[in-house]
Amino acid sequence: MGLDLPTRYDPASVEKRLYRFWEENGYFQADPDPKRKPYTIVIPPPNVTGVLTLGHVLNNTLQDILVRWRRMQGFNALWQPGTDHAGIATQSVVERMLDAEGTSRQALGRERFVERVWQVKEKHNAVINEQLRRLGSSLDWRRERFTMDEGLSRAVLEVFVRLYNKGLVYRDKFMINWCPFHGTALSNDEVEHQTVQGGLWWIRYPFKEGQGGVTVATTRPETMLGDTAVAVNPDDPRYKDVIGRTVILPLMNREIPVIADEYVDKEFGTGALKITPAHDPNDFRIGRKHGLAAPCVIAPDGTMSEEAGAYRGLDRFACRERVVADLRKLGLLEKHEPHEHEVGHCYRCDTLVEPYISLQWFVRMKPLAERARKVAEDKSVRFWPPRWETMYYHWIDTVPDWPISRQLWWGHRIPAWYCQDCPDPKLDPADRPAEPPYGIGGYPVVSATQPEKCPQCGGTRFVQDEDVLDTWFSSWLWPFSTLGWPDETADLKYFYPTDTLVTAPDILGFWVARMIMAGLEFLDDIPFRDVYLHGIVRAEDGRKMSKSLGNSPDPIAVMDEFGADALRFSIVLITASGQDAYYSHDKVAIGRNFANKLWNASRLVLTNLAESPDVADMAYGAGDLALEDRWVLSRLTRTIATASQALEGFNFNEAAMAIYEFVWHELCDWYLEVIKPRVRNAAPEATAPRFAAQGVVTHVLDNAIRLLHPFAPFITEEVWQHLGARMARRGALAGEGADAAASIMVAPWPQADERWLDPAAEATFAQVQEIVRAIRNIRKKMGLADRTPRLRVTLSLADPAAEAGMEACRGLLCDQAALEHLEIGVSLPKPPASAAAVLPGMEAYVALEGVIDLDTERKRLRDQLARAAKFLEGSERKLANVAFLEKAPKEVVEKEYQQNARLREDIQRLEANLAELE
RNA sequence: GGGCGAUUAGCUCAGUCGGUAGAGCGCUACACUCACAUUGUAGAGGUCACUGGUUCGAGUCCAGUAUCGCCCACCA
């Protein structure tokens, strides 16, 4: 066959070579160019904690589709790569490694620990990049950034200082979520609520004077050691006389008051609430309101503190058991029942989160949230699918101040310096040393670099804050810090605001919303116009795929087995817009099979083009084109329109399905089959039809692979390269220039040219398809093979006007239905011993002497009759309905009449054919 | 407790103007000489979760119910 192409598409022999080809030729690169319009996407930076999951595959495939599509449309498309240092996550990974080695971060010390994390980061980062390359991601690698590289660190410090000077960053002693395992503060977003089977204990606090006492119900008995009051609802008649009395806190033997507060729910438990200001957010608020002391009975590591008296040193859970046992011994435990409730856990280590009072840095969110709400309301930022807008508002409207300090080592060190010679007047004197050096109780100076002199006392001794910033404090700057901010770079000017953000909805609040806030605050502009939120990739059991669950197949292994294109295409195909996708291994076969189909279609085309002198010279005047040519060009045009429109609306799977459907079931199943006789006929008089077919098929394949390229970049480039010279000539004719010929990456995205729309050709071809299918069906039903014996068919038309049209399809019909003789005419008689296919406006009689089984034929006709009768019944009902005739649109009624007439006719003809057999 | 999503063929899911329900896989039968068995041809298979409403007409719009899932949330 002249061409040395394997019968199976082999991704392994193609992908690495083509990726190198693209990268070496700079096809991924974008630089500011005032003559061209930019299109920008910043990658949601993967965490450097490990390898990528199939969730990342979906995320990055969608981005690559957008970028490649826009690039083909002529945009100067930039896809900005980079990774995130993922503070707490990465630190835990490395700490676990150290633990396995029998050491710890404390043993290593801060500096050596951080060095170690950098090593791990480098290793993981390399793996991640390799995975992204394998996937075909057209990222501009020259621009790769990392949230802790020098430039981004500068941006982080700049932002901290600016917000501090504006009063939007402050330090306060407040109740925050605390992870005892990591020993750090967490924001709300880093806490996951899980349902826990706990208990509810009823504990009696005896009155100091007199008999009896107050019984409280609690889920956390161990915190009673830190109780400083019992609260009841002021309107609760049961406790009217109790308010103001004193009770004895059991085990601690401390006197505490009974206070009144509306917060207390009369219905829950006993209606009396123990108040532990240091260990419960509500109690904290009530404690502050009533001026209660807040003894901390639980230490940062989750054990009981000195304030817990006899219980000190016990783990908080062991302490719970001890407290319960001791109360029981004292006869103060009145009741215990199981109680299911939601409890916060650390999103990285699953440890039960402890509400904890500590001195932390915060960002005031309200002022930032207001503007961020407005840009969504006025649609400057749009959410896809739009329902996420509501979720966004909910987050924006309820956002509490953001605790940004973390007691970790891996991250951006907080640029706060404490004077050792004078104290911070804002701090409670109890919370800092009484005299110099003041440590972190010293007067704070916020500055990107170490200050020289204390503005309060002129002192020169400083210590820097030990803590680092929350990971998201660098992530929220990502859309502009990656482009060079705070410098006013050309990149920033040209590529910002970016165009599309593609991410999963689970980080809508803590990442997307914050980026919008940051963009507006620091650049006075939105960071991106469209936010596309895709579903989550789940394992077959419905669970989310994640690194921590370890239930994501290795994308590299999947690509080794099926190819990158197959994985990309399949994962897009199974992901309906905004819906979660259930991954399974055999779904990837869809993409692999499709790639193979396209490959073989291309082989067929290439093989048969070999002898074509120059298809590019073929002018496709309508007169030169056969029915099938006009049909396939019309179908192609519709596919281009559908796919383009779907992409505009972020309906990736719809675009993918449209292309799949066209390539497989129209191009391959019909067009390629139909033109085989034409391209193989070497007779001199057959030259023009042959050239026309070759020209059209080249055009169609060319457009098909362009459409498919964003979804399956490798195979389409490989085919493009094989089509090579022809593409160059075609491109030159179309004014596409030499660049386009060099790589499909820069070939223009197809235009839906309405000149090629041909409804008449589509209708006629559909008729041909129906006839062919009907004859094939009869063949099968009569037990005949696909193409042998060749059959004799009589096509009897109802309308003389249709004769010429059908006559023109004679060759098509004979070839596709494997006929040896076809008679076409008006109202032809049915030959004896033939089977009949009743079709709109015609009947096809298949001569079956010696083969026909009358019972089979009767059954076949009766089945059809039954089906038609069912439809007719529905149609009759409609037309008998006066309201329908009066109120339905005219076209619909008209259509119904036609339908009805056709059905009646069909039934009549089926009955006639059937009668003949009786 | 609040919000959101889902419920369509045996399985996994499409179905963005309301007008006789679609795909892939699986299944059945047949076919490896001319691109592809990772294939082709033909076929079977559905009360569109349920109830009510709007409408000439509802898988599609509205209300409610049930089941599953997700997100948010400081009732001890």
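Treat the numbers as computed from the prediction; the structure is a model and nothing was measured.
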Considering every strand and a 4.0 Å limit on heavy-atom distances, what is the contact class for A:Glu389: base, sugar-phosphate, or nothing? nothing
Sugar-phosphate, base or nothing in reach of A:Arg776, heavy atoms under 4.0 Å: sugar-phosphate
Nearest-Å distance once atom C1' is located in both B:C25 and B:C68: 23 Å
Sugar-phosphate, base or nothing in reach of A:Ala785, heavy atoms under 4.0 Å: nothing
Using a 4.0 Å heavy-atom cut-off, does A:Val264 contact any base of the nucleic acid, only the sugar-phosphate backbone, or nothing at all? base
Under 3.5 Å, is there a donor-acceptor pair between the A:Arg592 and A:Asn596 side chains? no
Find the distance A:Asn881:CG to B:G57:C1' and express it as a whole number of Å. 8 Å
Taking atom types as they are modelled, would you say the side chain of A:Asp786 forms a donor-acceptor pair with the base of B:G40 within the 3.5 Å cutoff? yes
Whole-Å distance between B:C36 P and A:Leu672 CG? 13 Å
Footprint string (nucleotides 5-13 of chain B, 5' to 3'): B base within contact, S backbone only, - free, heavy atoms under 4.0 Å: SS-----SS
Mind checking the C1' distance from B:U55 to B:C72? Whole angstroms is fine. 38 Å
If you check every side-chain atom of A:Leu273, which of B:A76, B:C34, B:C56 has the closest atom? B:A76
Would the number of heavy atoms belonging to other residues, nucleotides or ligands and lying under 6.0 Å from CD of A:Gln898 be above 12? yes
Take atom P in B:U7 and the same atom in B:C61, then report the distance between them in whole Å. 11 Å
How would you label the contact of A:Ala589 with the nucleic acid (heavy atoms, under 4.0 Å): base, sugar-phosphate, or nothing? nothing
Determine the contact category for A:Asp265: base if any of its heavy atoms lies under 4.0 Å from a base atom, sugar-phosphate if only primed atoms, P, OP1 or OP2 are that close, otherwise nothing. base
Same-atom distance (P) from B:G22 to B:C34, integer angstrom: 34 Å
Distance-only polar pair, side chains of A:Glu561 and A:His585, donor-acceptor under 3.5 Å: yes
Will you find, in the side chains of A:Asn233 and A:Asp261, an N or O donor that is under 3.5 Å from an N or O acceptor? no
B:G57 versus B:G53 - spacing of their P atoms, nearest Å: 12 Å
Dot-bracket line, read 5' to 3' along RNA chain B, where crossing pairs take [ ] and | marks a partner on another strand, Watson-Crick or G-U under 3.5 Å: (((((((..((((.....[..)))).(((((.......))))).....(((((..]....))))))))))))....
Going by side-chain hydrogen bond (donor to acceptor under 3.5 Å, both in side chains), name the residues that satisfy it together with A:Asp283, two or more places apart in sequence or in a different chain. none
Which of the following nucleotides, B:A73, B:A35, B:A42, is nearest to the side chain of A:Asn600? B:A35
Classify the nucleic acid contact of A:Asp669 as base, sugar-phosphate or nothing, counting any heavy atom under 4.0 Å across all strands shown. sugar-phosphate
Please determine whether side chain to side chain contact (heavy atoms under 4.5 Å, CB included) holds for the pair A:Leu273 and A:Val230, giving the CA-CA distance in whole Å, both sets of side-chain angles, and the decisive distance to 0.1 Å. CA-CA 6 Å; A:Leu273 173 65; A:Val230 170; over 6 Å; no
How long is the line joining NE2 of A:His193 and C1' of B:A73, in whole Å? 7 Å
Can you confirm whether the side chains of A:Tyr205 and A:Asp227 place a donor and an acceptor under 3.5 Å from each other? yes
With hydrogens left out and only the distance checked, is there a donor-acceptor pair under 3.5 Å joining A:Glu267's side chain and the base of B:A76? no
Residue pair A:Leu567, A:Leu54: steps toward the side chain to side chain contact (heavy atoms under 4.5 Å, CB included) verdict: CA-CA 9 Å; A:Leu567 178 57; A:Leu54 286 170; 4.1 Å; yes
Integer-rounded Å distance: B:C17 P and A:Glu891 CD: 18 Å
Cationic N near anionic O, under 4.0 Å, A:Glu873 to A:Lys878: no
Side-chain heavy-atom pair A:Gln816, A:Ile771 within 4.5 angstrom cut-off: no
Look at A:Glu905 together with A:Arg902 and state whether they make a salt bridge at an N to O cut-off of under 4.0 Å. no
Over how many whole Å does the gap from A:Trp670 atom CH2 to B:A42 atom P extend? 7 Å
B:U41 phosphate, OP1 or OP2, under 4.0 Å from A:Asn777 side-chain N/O: no
Measuring only the C1' atom in each nucleotide, how far is B:A49 from B:A9? A whole number of Å is fine. 15 Å
Counterpart residues, side-chain contact (heavy atoms from CB on, under 4.5 Å), relative to A:Glu718 (two or more places apart): A:Val14, A:Arg17, A:Leu18, A:Trp599, A:His722
Could you tell me whether A:Arg220 and A:Glu354 have a side-chain N and a carboxylate O separated by less than 4.0 Å? yes
Is it the case that the ring center of A:Tyr532 lies less than 6.0 angstrom away from the ring center of A:Trp384? no
Minimum side-chain heavy-atom gap A:Lys597-A:Cys668 below 4.5 Å: yes
Quote, to the nearest angstrom, the C1' distance that separates B:U60 from B:A14. 14 Å
Interatomic distance, A:Tyr393 OH vs B:C4 C1' [rounded to whole Å]: 16 Å
Which part of the nucleic acid, if any, lies within contact of A:Arg773, taking any heavy atom under 4.0 Å across all strands shown: a base, the sugar-phosphate backbone alone, or nothing? sugar-phosphate
I'd like to know if A:Lys780 reaches the base of B:A31 with its side chain, counting only an N/O donor and acceptor under 3.5 Å. no
Assess the pair A:Phe652 and A:Phe711: is the distance between their ring centroids shorter than 6.0 Å? no
Each nucleotide in nucleotides 22-27 of chain B should get exactly one letter: B, S or -. Can you fill that in based on protein heavy atoms under 4.0 Å? --S---
So, with a heavy-atom separation below 4.0 Å from RNA chain B, the residues of residues 562-569 of chain A are none
What contact category does A:Tyr263 fall into here, base, sugar-phosphate, or nothing, at under 4.0 angstrom with non-hydrogen atoms? base
Measure from the side chain of A:His339, starting at C-beta and using heavy atoms only, and say which of B:A35, B:A76, B:C71 lies closest. B:A76
Which part of the nucleic acid, if any, lies within reach of A:Pro505 when heavy atoms closer than 4.0 Å are counted: base, sugar-phosphate only, or nothing? nothing
If we take the P atom in both B:G1 and B:C17, what is their distance in whole Å? 35 Å
Find the distance A:Lys878:NZ to B:G57:C1' and express it as a whole number of Å. 6 Å
